[in-house]
Amino acid sequence: MIKDGKFGKYGGIFVPELLIPALEELEAAFLKYKDHTKFNNELEYYLSEFAGRPTSLYYAKNLSVKLGCKIYLKREDLLHTGAHKINNTLGQGLLAKYMGKERLIAETGAGQHGIATAVVGALFGFPTDVYMGSADIERQKLNVLRMELSGTRVLSVESGSKTLKDAINQALRDWITNVETTHYLIGSTVGPHPYPEMVKHFQSVIGLETRQQIIEKEEKLPDAVIACVGGGSNALGIFSAFLNDKNVELIGAEGGGDGPGGRNGATLTYGTEGVLHGSLSFVLQDHDGQISEAHSVSAGLDYPGVGPEHSQLKVTGRAKYVPIMDKEALRGFELLSKYEGIIPALESSHAVACAEKYAKKPENKGKTIIVNLSGRGDKDMHIVSQKMGVKA
């Protein structure tokens with residue numbers, strides 16, 4: 001039987017009864033194969049030969065001089081498809097293959113999870129449908145084209161805010177209808193159990209590599225690890241290897257949007273406890289419990305919820321979460337591009353901006369900081385050109 005799947009009081013299973021057998025089947029398969037030698041050998045092959053792991057831990061010398069700290073970048077942006085999302089889609093795609101599923105569905109905001117699902121669908125021979133809010137389709141046209149070239153249908157969602165939240169809603173409706181033949185490949189550490197734990201497991205390769213690499217380079221652990229947080233998979237992927245190291249600060253950079261004090265985003269900073277997409281976590285909601293619309297310049301952080309484990313890390317104080325405004329993220333984008341010649345995704349730009357804020361504090365001067373560069377910025381060039389008034 002399925003366990004409660006909770007991190008403290010957060011998480012759980014809040015779904016229609018029709019989905020319970022599918023979640024039980026998924027949990028059983030995950031528990032069977034996560035330590036299975038043949039499965040892991042095959043996954044390791046694809047992570048290495050197809051995706052391009054291990055990724056480097058790059059010492060950003062110019063940025064370090066600029067900020068007065070020792071800055072390392074975990075280069076997930078170098079992976080095939082351009083972001084960390086491929087780690088999870090390869091894991092879940094292979095699991096779906098072992099389970100005998102016939103079709104993949106997914107949701108996507110920035111398109112990075114969508115394209116990572118699309119290429120895995122092509123790789124393993126799955127017909128694949130990806131739900132995407134029409135607002136995100138408009139601002140992420142390049143990734144839509146990449147998905148379609150990989151043989152995936154991109155299904156436009158016109159309801160609600162026409163962004164990631166609504167794409168997830170539509171994907172869940174599809175799954176309920178086609179549950180026996182279809183695997184719903186959720187892209188972050190959100191949703192009902194076992195998804196938060198399973199996605200973290202497939203992303204933990206980031207943290208395992210990072211820990212080994214920083215010890216090899218510095219002969220010690222970092223002072224701080226910083227990652228952007230939307231649903232939270234890249235952050236938990238890198239945080240996972242340092243959770244028991246109390247002297248390592250774990251810092252999540254949330255999308256604060258452009259409202260006063262970041263109050264049209266930053267779920268962990270300004271949200272309250274509630275249920276969204278199958279689990280109890282912090283969400284952005286009004287006094288009546290209606291989910292509020294979130295906004296961020298980054299489509300991947302444009303989500304009014306967050307993974308339940310992040311909620312537990314917040315309330316226990318093990319991790320800190322900092323709202324980063326749109327204008328600060330754009331500065332982070334420009335900063336890394338100018339000083340290191342590395343163009344980050346707007347999601348990752350939030351983490352760069354957070355590192356700059358951290359480094360400016362006098363007590364942090366000279367500290368060693370790892371920034372998880374979760375994705376590259378090709379997909380965001382036209383958005384940045386509009387925001388900065390530059391012709392693309």
Side-chain angles (χ1 to χ4, degrees), residues 42-56 58 73-97 104-132 136-137 139-154 164 167 171 183-189 199 202-206 209 227-228 230-235 237-238 298-301 342-349 351 372-383:
E42 195 170 350
L43 178 57
E44 189 173 325
Y45 168 80
Y46 286 116
L47 286 170
S48 171
E49 301 296 321
F50 184 74
R53 300 212 74 89
T55 60
S56 61
Y58 171 68
L73 306 174
K74 182 55 173 167
R75 296 293 307 275
E76 296 297 289
D77 60 310
L78 296 177
L79 288 170
H80 177 44
T81 73
H84 70 291
K85 294 293 187 180
I86 192 70
N87 303 322
N88 172 54
T89 59
L90 280 170
Q92 284 197 55
L94 191 61
L95 189 62
K97 181 181 170 184
L104 297 179
I105 60 170
E107 82 298 323
T108 196
Q112 289 303 117
H113 174 59
I115 183 60
T117 301
V119 300
V120 165
L123 178 67
F124 294 142
F126 287 115
T128 304
D129 290 332
V130 170
Y131 289 94
M132 192 171 189
D136 290 335
I137 286 176
R139 57 181 173 172
Q140 297 292 345
K141 290 179 180 178
L142 178 60
N143 273 344
V144 172
L145 175 60
R146 293 169 74 196
M147 284 183 263
E148 291 174 341
L149 283 171
S150 299
T152 284
R153 286 197 308 171
V154 180
L164 181 59
H183 175 64
Y184 178 16
L185 208 165
I186 288 180
S188 196
T189 49
V199 176
F202 289 133
Q203 291 293 0
S204 66
V205 64
I206 306 172
E209 285 181 7
C228 66
S233 66
N234 91 89
I238 196 166
S298 158
L301 304 185
I342 298 171
I343 300 174
L346 280 172
E347 291 80 13
S348 309
S349 300
N372 195 24
L373 204 64
S374 58
R376 63 175 176 253
D378 312 44
K379 67 184 179 62
D380 294 320
M381 292 305 295
H382 70 288
I383 297 174

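Note that the structure is a prediction, hence the values are computed from the model and not measured.
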Smallest heavy-atom separation, Tyr131 atom then Ala167 atom, equals O-CB, 3.4 Å
Side-chain heavy atoms of Met132 within contact of Met147, under 4.5 Å
yes
For Asp136 and Gly109, which heavy atoms make the closest approach, and how far apart are they?
CB-O, 3.3 Å
Leu373 side chain reached by Tyr58 side chain, heavy atoms, under 4.5 Å
no
Can you find a side-chain donor-acceptor pair between Thr117 and Thr89 that sits under 3.5 Å?
no
Distance-only polar pair, side chains of Glu347 and Asn234, donor-acceptor under 3.5 Å
no
Quick check: are there more than 12 heavy atoms from other residues, nucleotides or ligands sitting under 6.0 Å from CD of Glu148?
yes
Where Ile383 and Gln140 come nearest, the two heavy atoms and their spacing
CD1-NE2, 3.9 Å
Return the OG to CD1 distance between Ser233 and Ile206, rounded to the nearest 0.5 Å.
7.0 Å
Heavy-atom closest pair, residues Leu185 and His113:
O-NE2, 2.8 Å
Just verifying a value: how many Å separate Thr128 OG1 and His183 NE2, rounded to the nearest 0.5 Å?
11.0 Å
With rounding to the nearest 0.5 Å, note down the distance linking CD1 in Ile115 to CG in Leu142.
9.0 Å
Decide side-chain contact (heavy atoms from CB on, under 4.5 Å) for Leu43 and Leu90; before the verdict, give the C-alpha distance in whole Å, the side-chain angles of both, and the deciding distance to 0.1 Å.
CA-CA 7 Å; Leu43 178 57; Leu90 280 170; 4.0 Å; yes
Considering all heavy atoms, the nearest Phe202-Gln92 contact:
CE1-N, 3.8 Å
Verdict with reasoning, Asn88 to Ile186, per side-chain contact (heavy atoms from CB on, under 4.5 Å)
CA-CA 9 Å; Asn88 172 54; Ile186 288 180; over 6 Å; no
Rounded to the nearest 0.5 Å, the NE2 atom of His84 sits from the CG atom of Asn372 at a distance of 7.5 Å
Of all the heavy-atom pairs spanning Cys228 and Ser348, show the shortest one and how long it is.
SG-N, 4.2 Å
Interatomic distance, CD@Gln112 vs CG@Asp77, rounded to 0.5 Å, equals 10.5 Å
Verify side-chain contact (heavy atoms from CB on, under 4.5 Å) between Tyr46 and Leu123, making sure each step is shown before the conclusion.
CA-CA 10 Å; Tyr46 286 116; Leu123 178 67; 3.8 Å; yes
Rounded to the nearest 0.5 angstrom, the OG1-CD distance for Thr55 and Glu76 is 4.0 Å
Consider side-chain contact (heavy atoms from CB on, under 4.5 Å). Of Thr152, Leu104, Asn143, which one does Val130 pass it with?
Thr152
Can you find a side-chain donor-acceptor pair between Gln203 and Asn87 that sits under 3.5 Å?
yes
